[in-house]
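Written out below as structure tokens is the structure these notes cover.
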There are 4 protein chains.
Amino acid sequence: MRVVIVGATGYVGSELVRLLTRHPNVQIVGLVGRGRDKEPVEATHPSLATTGLVVDAEMPEADAVFLALPHGAAAAMVPGLAASGTAFIDLGPDFRLRDAADYPRWYGFDHPAAELLGGAIYGLPELHRSELIALADAPTAIVGSPGCYPTATLLALAPLARAGLIGDLVVDAKSGVSGAGREAKADLMFGDVNESVKAYGLGGHRHVAEIEQELAALAPNAGANPGASGVDFLPHLIPMTRGILATCHVRPAGRVTQAGLDDLYASAYDGEPFISVVPTPPATKHVTGSNQCRIHVRLDERTGRIIVISVIDNLVKGAAGQAIQAFNLVHGLPETAGLEQLPLAP
Amino acid sequence: MRVVIVGATGYVGSELVRLLTRHPNVQIVGLVGRGRDKEPVEATHPSLATTGLVVDAEMPEADAVFLALPHGAAAAMVPGLAASGTAFIDLGPDFRLRDAADYPRWYGFDHPAAELLGGAIYGLPELHRSELIALADAPTAIVGSPGCYPTATLLALAPLARAGLIGDLVVDAKSGVSGAGREAKADLMFGDVNESVKAYGLGGHRHVAEIEQELAALAPNAGANPGASGVDFLPHLIPMTRGILATCHVRPAGRVTQAGLDDLYASAYDGEPFISVVPTPPATKHVTGSNQCRIHVRLDERTGRIIVISVIDNLVKGAAGQAIQAFNLVHGLPETAGLEQLPLAP
Amino acid sequence: MRVVIVGATGYVGSELVRLLTRHPNVQIVGLVGRGRDKEPVEATHPSLATTGLVVDAEMPEADAVFLALPHGAAAAMVPGLAASGTAFIDLGPDFRLRDAADYPRWYGFDHPAAELLGGAIYGLPELHRSELIALADAPTAIVGSPGCYPTATLLALAPLARAGLIGDLVVDAKSGVSGAGREAKADLMFGDVNESVKAYGLGGHRHVAEIEQELAALAPNAGANPGASGVDFLPHLIPMTRGILATCHVRPAGRVTQAGLDDLYASAYDGEPFISVVPTPPATKHVTGSNQCRIHVRLDERTGRIIVISVIDNLVKGAAGQAIQAFNLVHGLPETAGLEQLPLAP
Amino acid sequence: MRVVIVGATGYVGSELVRLLTRHPNVQIVGLVGRGRDKEPVEATHPSLATTGLVVDAEMPEADAVFLALPHGAAAAMVPGLAASGTAFIDLGPDFRLRDAADYPRWYGFDHPAAELLGGAIYGLPELHRSELIALADAPTAIVGSPGCYPTATLLALAPLARAGLIGDLVVDAKSGVSGAGREAKADLMFGDVNESVKAYGLGGHRHVAEIEQELAALAPNAGANPGASGVDFLPHLIPMTRGILATCHVRPAGRVTQAGLDDLYASAYDGEPFISVVPTPPATKHVTGSNQCRIHVRLDERTGRIIVISVIDNLVKGAAGQAIQAFNLVHGLPETAGLEQLPLAP
């Protein structure tokens, strides 16, 4: 399959190249960057020097297009291209939300192609696998690949949400800096970040929109599931480059036991190629560079609360890897193709 | 005042030396370390080489003793020395808990000097200042200096607790590795810690005991304040050396407004020399090396929850600095003596 | 090919597993660790949990054995096994030095199998490729895989050494902590390492022996090449986990120009699959997780000195990856098999 | 003494505030920043929030002015102010070099006040103490406070240079990122810096000019001291915020012994309040936050070379602290006033 990566000069673009060059069924036929003119890829990504790829402003013909762009850019670009029969995997937020009204509310722009939102699939394969597979027959396949925080959060909570067990919910997340992109900003300088931690996004990080949308969809009876609306999600920036850890503090809506939780999670994720339910609290370094997600669930008898902790690499399972996983499903390829690298540790 | 530091070879001992050598009213007359024999302090703490101090097994006579020892050690040592009229500032947990039954429950040992617990003061000056001052007249002055996590947590929550506003409480804390001490352990190696984050202490970190004790004491009507018992406190280890950030997610027990919260915190901490209520979320690096605590309080209108975030340097306000602050009060010295250093940044 | 990894519980063992599980011609048939009894690999390496491998004390039959052991251990083990026709790739120092007298001098032990040293090949493919290929016909194939520092240093200097251009030589190297292994040591704790740098190995790091041996072999006329003996090599520990950067300061023995140096290095490394001569000073992060080595050579007109800088990932090109590269050559496999992963950045 | 800090919004400005607020003889009467209008200092330096200081465009009257400005800015500003009798401590390079021709060569600008260079003193107290003291009687006192790299390098080499022992010299330096200032730049982002190291300034870092000037001045017979011209100085950026380690590889010009070196360094630095000659290789973390410099000297019998290693905190002894030390001397204050803080470790 011939693929193009649009927005190749960011961290996510770089990660797509890293993974897709090793994908057995893929040939990268173009890297697109605004205003670039046959610029060697190493000008922005020295780690990719040996690929010999160049970044250009032109978009060649392809079977699939990965879009790694700021919000609003894909929404403006896709409609004009959609007629071509190409599949689009958008790694930005422009096709994640089903309700067009969420765009002005959370992202500050009116969606210019609201009519396409209904057909776009939220590309979290563990929740929407069959819909992704069904896209193969759609005239235009559009995948809205999830945000990094929603990926970690939803995978942690999906089994509880489906069971209607989320009675009260606090999600306290910790992320490395690569989630903020590679543009130079004062508060992402090494001197500011190292030996420091801070919360950000108080009052409502944009990823809350996805989290609430998907939690609500999982819980058939929203009234019984206060977790699905007004989710208290708070991210923190910690001094590392890759990785997200989401700590979910859940007051159960019903009676639970540790054994029951173990069963619930085992059955939810049994057979999932990238999800492991683990018996001890995972660290982000256990999954660095891989498409894996590890989840630990624990009932705290003393407080009565359920703690669910999940870890991912925000640039892989939280971005490029997950997009490729969805791409594989849409194109009838093995779901794990190109994604079998083990984590890099230490 | 002549002071002795017992347990001088750990991180807290080192920090006591760093601060007390600059204290205008103090002379360090001895550093005590088990099995040491006139060992230059730089053998364990190269940063202190210029002090010329030595670590020895013998304890000289002194006006005050700072104990920085593993749990159980101070409890065994203090009774024998208490007759001497010396003041004891214990930086371990042995004199923090008022209920002797908490020791076997949380620390796994029966307290050998339970009769002294009633007279010991929990050394958080912002909550127990007058009791610390009153110790000047006690035959034996014993201060149980607070743990690092309880310091950050209690300073964040005290105004809400006193007002009976804590309806539901999640405390999600992030700490650098120095809180775990300086003994070589596999999971504290650079290769394991850098580029990683993990939760630990699931099921009940020992510091919960202090947090619950003090929250209960602050809220006169415990029944109305579920936050005071069964506190969901979860710490995380992040890749930094110093600093604690405590994120408190509070569902208010009553009606609150942002203006009301601002007033509540301003009046609680107005005039406190080491506490700043700040208008933007603080980072731990804003207080590194200082005795400061910074607190941000925010009502999230969307979720109805109050977010309170506090930051301290775990080795200063969370340990050595706070102990010196209490020492100053007990001995009638200016509360800020020796503690006026500004944070080190970047 | 069935391979066994002996010493599987260290960092190098872990890296061998990471790479060999993706090698198209290899099946890992055993992980061996002293005193282990069917211990899941994730007990020591959580990142490898999904492999399902176990570590055991027994060594099964295999076509090749990778030994990742402390010095002296492989020397004691190989002779007894050598009769079997298995190939041995030793990642420790026991088969790197040709002169048996170097072992007591540099490593403090008398080599128990000195008779095997003559047949062992120093496994730096860029310098000894044909000898490695020829091992295919040897009754016992033993490869002494190079140390991490010698790999970076020799690849940087080989073109100059062959041309007899090394007139005076200083090698100042910087390494992440993973080179020191995963055993818990006080000076490798995060609190000691982060925000710090120090030199170590003053007076002669053990890797000097390899560097001198190979430089001497490259320079036909040792008398004219003072760099080959008494090499001033000084390593530094810096606050990172992976990566080595070697800075070689060379006073040329003859007349050189930048164009001449460019030609010399281009012709030396043209066609090498893992070596890139790059036009700007490389950073270790450009090669993390890959088997690449990048080299920059610059004549400083002002001082008349040549600066050569090389970067590798110490656990890949400096250990596991290089061993696999040699293994491929010995077994007639494509040299790059299993080693085509791109660097992980950021 | 009333002092003003011009260029208060950078890292060096912040460090001057941190130290001078604790100086017993100093009152900060103004912080000056271009285009600022009574901006609270915490807008750029949150760590200084408790000082209550503001940054303004206006410069009030003062007894001394600290200038922390980009090169060229102080040279343009000082002449107009010099008539006032104020003392100027310039922390930039504008008054470090005695030969006006060095400015176009190394910094790319013609010095607009070349006539002042002759009277300016290079503010390294350990080399120019008496000249700094003598400035008290000068009509205009101008101190060119040394760069961070020259400070570490010159303190390491001065005893050897004075003794005419530098036969061949390589200085390989490692620095944290704060030396590059606080402006947001892509290559200083956490994602680029962490887990990476690189050389920079190949072909001649600007600080070479100072190093060569001062080494030449120390060696009376320059012909016998090739180290004084064409110094091979190469800096590296490592993943930390503060600290410089300079590794000096010296081929001695004459016969030396370890005992002779020990004597040479002991007598050179005996009584110096901020210099320690230490028996083991120092780490930068041993001096963080302090005005100390630690030096280790070792004769490597195997190679015949002398290794001298020095460490400083680049923002203290390499900038703000050293400037205050010179200020103290110029104004007849105790040399250590305001500089007695111990290092912050871990």
Side-chain angles (χ1 to χ4, degrees), chain A residues 10-12 14-15 17-22 24 40-51 53 176-179 181-182 190 194-195 239-242 273-276 278-292 294 311 313 315-316 336 340-346, chain C residues 10-11 14-15 17-22 24 40-51 53 176-179 181-182 190-191 194-195 239-242 273-276 278-292 294 311 313 315-316 336 340-346:
Chain A
Y11 283 150
V12 172
S14 159
E15 196 68 359
V17 173
R18 179 177 79 87
L19 295 169
L20 288 170
T21 52
R22 298 271 83 79
V41 71
E42 63 264 33
T44 43
H45 304 305
S47 65
L48 302 177
T50 59
T51 63
L53 294 167
V177 300
S178 61
R182 71 169 306 171
F190 187 89
N194 207 38
E195 289 291 327
M240 64 185 201
T241 300
R242 283 178 182 244
F274 296 114
I275 317 288
S276 304
V278 293
T280 51
T284 54
K285 204 162 190 168
H286 299 172
V287 300
T288 303
S290 80
N291 200 48
Q292 297 181 19
R294 299 197 183 177
V311 294
D313 182 324
L315 293 179
V316 190
T336 62
E340 291 168 333
Q341 293 193 5
L342 288 175
L344 188 78
Chain C
Y11 283 149
S14 159
E15 196 69 358
V17 173
R18 180 177 76 89
L19 296 169
L20 289 169
T21 51
R22 299 271 81 78
V41 70
E42 63 264 32
T44 43
H45 304 304
S47 64
L48 303 177
T50 58
T51 63
L53 293 167
V177 300
S178 61
R182 73 169 306 170
F190 187 90
N194 207 39
E195 288 291 326
M240 64 185 201
T241 300
R242 283 178 182 243
F274 297 113
I275 317 288
S276 304
V278 292
T280 51
T284 54
K285 205 163 190 167
H286 299 171
V287 299
T288 302
S290 81
N291 201 49
Q292 297 181 19
R294 299 196 183 178
V311 295
D313 182 324
L315 294 178
V316 190
T336 61
E340 291 168 333
Q341 293 193 4
L342 289 175
L344 188 79

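All heavy atoms count here, side chains included; hydrogens, waters and symmetry mates do not. All chains are named by letter (A, B, ...) in the order of the sequence lines, taking the proteins before the strands, and each is independently numbered beginning at 1. Please read all numbers here as calculations on a predicted model, not as lab measurements.
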query: If you take all heavy atoms of C:V17 and A:L342, which pair is closest and at what distance?
result: O-CD1, 4.3 Å
statement: Heavy-atom closest pair (A:R294 atom, C:S47 atom, distance to 0.1 Å) is NH2-O, 3.5 Å
message: Can you tell me which of A:N194, A:T288, A:V287 forms the most heavy-atom pairs within a distance under 4.5 Å of chain C?
response: A:N194
Contacting region of A:T280 [heavy-atom separation from chain C under 4.5 Å]: neither
- prompt: Tell me, side chain or backbone of C:F190 under 4.5 Å from chain A's heavy atoms, or both, or neither?
  reply: side chain
field: Residue C:T51 versus chain A: region with a heavy atom under 4.5 Å
entry: side chain
message: A side-chain contact here means heavy atoms from C-beta on lying under 4.5 Å apart; do C:V278 and A:E42 qualify?
response: no
query: Do A:P346 and C:L315 have side-chain heavy atoms sitting under 4.5 Å apart?
result: yes
- prompt: What is the distance from atom CD of C:E195 to atom CD of A:E195, rounded to the nearest 0.5 Å?
  reply: 5.5 Å
- prompt: Heavy-atom distance under 4.5 Å to chain C: side chain of A:R242, backbone, both or neither?
  reply: side chain
Portion of C:A49 that has a non-hydrogen atom of chain A nearer than 4.5 angstrom: both
- line: Heavy-atom closest pair (A:K285 atom, C:T241 atom, distance to 0.1 Å) is NZ-OG1, 3.9 Å
message: Under 4.5 Å from any heavy atom of chain A, what part of C:R22 do you find: side chain, backbone, both or neither?
response: side chain
query: Which heavy atom of C:S276 sits nearest a heavy atom of A:T50, and at what distance?
result: OG-CG2, 3.9 Å
